[in-house]
There are 2 protein chains.
Amino acid sequence: MSYASFASMPCTLSRPAALLGERWTLLLLRQIFLGTRRFEDFQSTMEISRSVLTDRLNVLLQEGVLKRVPYQEDGRTRHEYRLTEKGRDLYPVMMALRTWGERWMAPEEEESFHLHHRNCGGGVRAKVECTECGAELTARDVQVTPKQ
Amino acid sequence: MSYASFASMPCTLSRPAALLGERWTLLLLRQIFLGTRRFEDFQSTMEISRSVLTDRLNVLLQEGVLKRVPYQEDGRTRHEYRLTEKGRDLYPVMMALRTWGERWMAPEEEESFHLHHRNCGGGVRAKVECTECGAELTARDVQVTPKQ
DNA sequence: TAGCTGAGTTCGAAAAACGAACGCAAGGGA
DNA sequence: TCCCTTGCGTTCGTTTTTCGAACTCAGCTA
């Protein structure tokens, strides 16, 4: 009656936070952005229990973050889980996590993968900006006004 | 033996994802960015059980995301939970969640609060950009290279 | 016909979350 | 002094989730 209520609250931050804040969901999305698409591959690379994996995939399907896409293998029809446009649009969330991780959780230069802009080879960074003047913003530059 | 292993993996995305992906943690951070600072206020506004709240606050303290700051009230010394610099630097993660929520989870123009740039009054938006050429990037513009 | 494989489902045990009651220190008031 | 209140947790028995090993099932393959 309580965690679930955030998922239906009229707040554009609490709803995503409740959805992605379930255990395994962010890690599952990481795996998806890294290219994993099949049930068996999620299960073996993440060591998540099969029943929880089923549940999380279903929630993401229901929310429209993922879609099941049929494909052929060995002459058989199988399905894989792929990001929808809504799902792909979570990219800034993942990159914001990574940008933070690089700054604050990387004792050495450890990384398990590199990211770079296909066009120019540059690095990748998440940031917050003003839609009017384009300035980069931190929490302190932003005024919060409760509605009403 | 398995969820916890992501928290110590040498990957700058999986570590933050495991930390913030525990139930309640993202919602707790939302509340903090909205200005809540005291145990009692978290508990009453979020309807989280006191024991879980204690645990999540302690994890965030241990990780250095929050700090306990003494203050005076009614002549008594109390403590409140405040963001450290590391914690404040999670702002882009929260804003990325909100930017996504506004696009994909707002059936009407519902919002429980407004955000705007103190200087110019403009809106707030999270984005991903190239550190070299400054272009805004989507998942498709980025090449992933497993290290080694 | 039997076997294999990917993708789940089932189910008993373990871990996490819940929530109501309890503890405790530091005032304040009578 | 004694009792009450407040803020901040801790305890503990119950309910929910998660775990993980075994089971199912459909569609090939030998």
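To the nearest 0.5 Å, the span separating CZ on A/F113 from OG on B/S14 amounts to 8.0 Å. Expressed to the nearest 0.5 Å, how far OH of A/Y81 lies from OG1 of A/T36 amounts to 13.5 Å.
Rounded to whole Å, atom P of D/dC8 lies 10 Å from atom CG of B/L53. Separating the CD atom of B/E47 from the C1' atom of C/dA20 is a distance of 15 Å, rounded to the nearest angstrom. Counting to the nearest Å, the P atom of D/dG9 and the CG atom of B/D41 are 12 Å from each other. The distance between atom CZ of B/F42 and atom P of D/dC8, rounded to the nearest whole Å, is 10 Å. Taking atom NE2 on B/H79 and atom P on D/dG9, their separation rounds to 9 Å, with Å as the unit. As a whole-Å value, the separation of A/I48 CD1 from D/dA21 P is 15 Å. Atom CZ in A/R37 sits about 18 Å away from atom C1' in C/dA7, given to the nearest Å. To the nearest angstrom, P of D/dC8 lies 14 Å from CG of B/L66.
Each of A/S51 and B/F39 was matched to the nucleotide of DNA chain D holding its nearest heavy atom; the match closer to the 5' end belongs to B/F39.
Close to C/dG19, at under 4.0 Å from its OP1 or OP2, lies no side-chain N or O of A/Y3. OP1 or OP2 of D/dG9 has at least one side-chain nitrogen or oxygen of B/Y81 nearer than 4.0 Å. Phosphate proximity of D/dG9 to B/R68: present, with a side-chain N or O under 4.0 Å from OP1 or OP2.
The ring-ring contact (aromatic ring centres under 6.0 Å, His included) search around B/F39 returns none, not counting sequence neighbours. When the side-chain hydrogen bond (donor to acceptor under 3.5 Å, both in side chains) test is applied to B/Q72, the partners found at least two apart in sequence or on another chain are B/T77. Here B/A126 pairs with B/M95, B/A96, B/T99 under the side-chain contact (heavy atoms from CB on, under 4.5 Å) rule; sequence neighbours left out.
Here the side chains of A/W104 and B/V65 are not in contact, with every heavy-atom distance at 4.5 Å or above.
Hydrophobic clustering of Ile, Leu, Val, Met, Phe, Trp and Tyr side chains at less than 4.5 Å, counting indirect connections, unites A/V144 with A/L13.
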Considering only nitrogen or oxygen atoms on both sides, find all protein atoms under 3.5 Å from nucleotides 22-30 of chain C and state each distance.
unit_1, atom_1, unit_2, atom_2, d
C/dG27, OP1, B/G75, O, 3.0

Show the distances under 3.5 angstrom between N or O atoms of the protein and N or O atoms of nucleotides 16-18 of chain D.
unit_1, atom_1, unit_2, atom_2, d
D/dT18, OP1, A/R56, NH2, 2.5
D/dT18, OP2, A/R56, NH2, 3.1

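With axes fitted over five pairs at each extremity, the angle between the ends of the helix from C/dT1-D/dA30 to C/dA30-D/dT1 is 10° (10° resolution).
Taking 4.0 Å as the cut-off between side-chain N and carboxylate O, B/R103 and A/E85 count as a salt-bridged pair. Using a 4.0 Å cut-off between charged nitrogen and carboxylate oxygen, B/R68 and B/E80 do not count as a salt-bridge pair. The pair A/R50-A/E40 meets the salt-bridge criterion, with a side-chain N (NZ, NE, NH1 or NH2) lying under 4.0 Å from an Asp/Glu carboxylate O.
For A/Q43 (side chain) and A/I48 (main-chain N/O), a donor-acceptor pair under 3.5 Å exists by modelled atom type. In this structure, A/N58 contributes its side chain and A/T54 its backbone to a donor-acceptor pair below 3.5 Å.
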